[in-house]
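Comments concern the structure below.
All values derive from a computational prediction rather than experimental measurement. One-based numbering, in listed order, for ligands and for the atoms of each.
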Amino acid sequence: MIVTTKKLFEAAYGKYAIGAYNINNLEQCRGLFRGNLQSQSPFIIQISRGARSFTDKRMLEGIIRSADEVFPEAIFAVHIDHGDEATCYDAIESGIYSSVMIDASHAPFEENIAITKRVVDAAHAKGIVVEAELGQLGGVEEHIKVEEAAAKLTDPNQAKEFVERSGCDSLAVAIGTSHGAFKFSGTQSLHFDVLAEIQKNLPGFPLVMHGSSSVPQEEIARINAAGGEIGGAKGVDATQFARAAKLGVTKVNIDTDGRLVWTRVHREFFRDHPEKFDLRGPGKVFMQAYADFIEAKNKYLGSAAQLENVRKMLSQ
Ligand code: G3H
Ligand code: 13P
Ligand code: ZN
């Protein structure tokens with residue numbers, strides 16, 4: 001059942017965070033649904049502009065509609081990740097997205113508000129909710145590189161004004177994370193002090209943490225042992241999700257870790273079976289490995305075993 005992120009956030013606020021997972025294809029979609037049912041979790045499917053061009057947006061939408069039929073117990077939102085204005089309007093018209101992210105965080109404050117408000121007006125007219133972003137993460141973000149040192153954390157005072165004037169339903173905040181597999185050059189630096197200030201200024205308002213992959217070192221070691229050459233990769237400590245959830249984070253974005261599962265499975269499969277060439281062999285292993293990864297992640301997020309509570313809340 002497709003629901004808005006707003007509904008999911010109402011159930012989760014202050015208690016746990018919902019996993020928002022990027023998918024690009026059928027195998028990821030099947031693994032994602034399986035994993036969330038294994039852990040009995042509500043979840044968010046997020047689709048980037050890159051995913052929409054890689055698989056063709058119509059095919060991806062078709063896959064998600066079918067998954068809704070194949071897995072009738074699942075409760076999830078379908079969300080655009082880092083949308084520009086045109087992508088958001090296209091998604092609003094598509095009839096399948098329940099939520100869009102307008103990312104105008106690279107624009108000056110006033111322009112970010114103006115763009116976000118235009119998307120909010122169009123989305124709300126159709127019952128769709130909007131995530132916006134204020135501040136800048138480090139790392140690589142849809143073709144734009146922001147150096148870690150120059151990353152701009154969200155200003156807690158601006159956050160309140162931004163939310164009030166733009167009318168957005170949730171806010172992505174920059175608190176020290178970055179996209180990709182190379183998040184921290186030194187030790188992890190999540191700015192919980194900034195997060196606490198934002199929550200103080202916006203009590204009860206759902207906050208979103210991007211760039212939240214953990215980049216597990218054992219995963220990197222397995223990839224490298226099977227021929228990979230990934231050096232210096234580092235991510236967010238997953239035990240910190242619970243602390244973030246108490247401070248108002250209701251959505252945690254994870255993409256890179258899923259890519260690492262894909263890479264590990266395929267490298268190990270072909271290393272161990274050099275004679276094989278049927279794509280379904282590694283595809284089956286990947287779908288189950290991805291499902292198990294989602295289940296484990298949801299336990300850290302606290303969304304595991306919350307599916308029935310959300311179902312009850314929706315029926316009231
Ligand atoms: O924040 C970016 C997401 O990880 C999506 O990545 O644009 O390569 O699909 P992508
Ligand atoms: P990661 O690169 O840490 O998985 O972050 C994904 C993300 O924020 C998608 O919007
Ligand atoms: Zn992101």
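Looking at Lys57 and Asp90, a side-chain N of the basic residue comes within less than 4.0 Å of a carboxylate O on the acidic one, giving a salt bridge. We find that Arg58 and Glu61 are not joined by a salt bridge, their nearest charged nitrogen and carboxylate oxygen being 4.0 Å or further apart. One finds a salt bridge joining Glu110 and Arg165 here, because a Lys/Arg side-chain nitrogen approaches an Asp/Glu carboxylate oxygen to under 4.0 Å. A salt bridge does not link Glu308 with Lys312: none of the charged nitrogens is closer than 4.0 Å to a carboxylate oxygen.
When each atom of ligand 1 is checked for a heavy atom of Asp255 under 4.0 Å away, the hits are 3 (C), 4 (O), 5 (C), 6 (O). Atoms of ligand 1 found under 4.0 Å from any heavy atom of Ser48 (numbered from 1 in listed order, with element): 5 (C), 7 (O), 9 (O), 10 (P). Near Asn22, meaning under 4.0 Å from one of its heavy atoms, ligand 1 places the atoms 3 (C), 5 (C).
Looking at Lys251, its side chain never comes within 3.5 Å of a backbone N or O of Ile18 through a donor-acceptor pair. A donor-acceptor pair under 3.5 Å is absent between the side-chain atoms of Lys126 and the main chain of Ala122, judged by distance alone. Side chain of Ser41 to backbone of Asn298: no donor-acceptor contact under 3.5 angstrom is found. For the pair Ser39 (side chain) and Glu295 (backbone), a donor-acceptor distance under 3.5 Å is absent.
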Problem set entry | Derivation and outcome, ring-ring contact (aromatic ring centres under 6.0 Å, His included), residues Phe76 and Phe33 | CA-CA 9 Å; Phe76 59 101; Phe33 276 77; 4.9 Å; yes
For this session: Determine, stepwise, if the pair Asp292 / Arg34 fulfils salt bridge (Lys or Arg N to Asp or Glu O under 4.0 Å).
Result: CA-CA 9 Å; Asp292 295 342; Arg34 242 192 240 172; over 6 Å; no
For this session: Could you go through the salt bridge (Lys or Arg N to Asp or Glu O under 4.0 Å) check for Lys160 and Glu164 one step at a time?
Result: CA-CA 6 Å; Lys160 185 174 161 60; Glu164 282 170 2; 3.0 Å; yes
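Proximity of Arg49 to ligand 1, defined as any heavy-atom pair under 4.0 Å, is not found for any part of the residue. For Arg259, every heavy-atom contact with ligand 1 shorter than 4.0 Å involves the side chain, none the backbone. When heavy-atom distances to ligand 1 are checked against a 4.0 Å cut-off, Asn253 has no atom that comes that close, whether in backbone or side chain.
Here the angle centred on the Zn ion (ligand 3), running from NE2 of His179 over to NE2 of His82, is 100°, rounded to 10°.
Remark: distances from the non-hydrogen atoms of Met101 to ligand 1 are all 4.0 Å or more.
In terms of distance to the Zn ion (ligand 3), the nearest N, O or S atom of His210 is named ND1.
By the 3.5 Å distance cut-off applied to N or O atoms, Asn24 is not counted among the residues near ligand 1.
Protein residues with a heavy atom closer than 4.0 Å to ligand 2 are Asn22, Gln46, Asp81, His82, His179, Gly180, Lys183, His210, Gly211, Ser212, Ser213, Asn253, Ile254, Asp255, Thr256, listed by chain and number.
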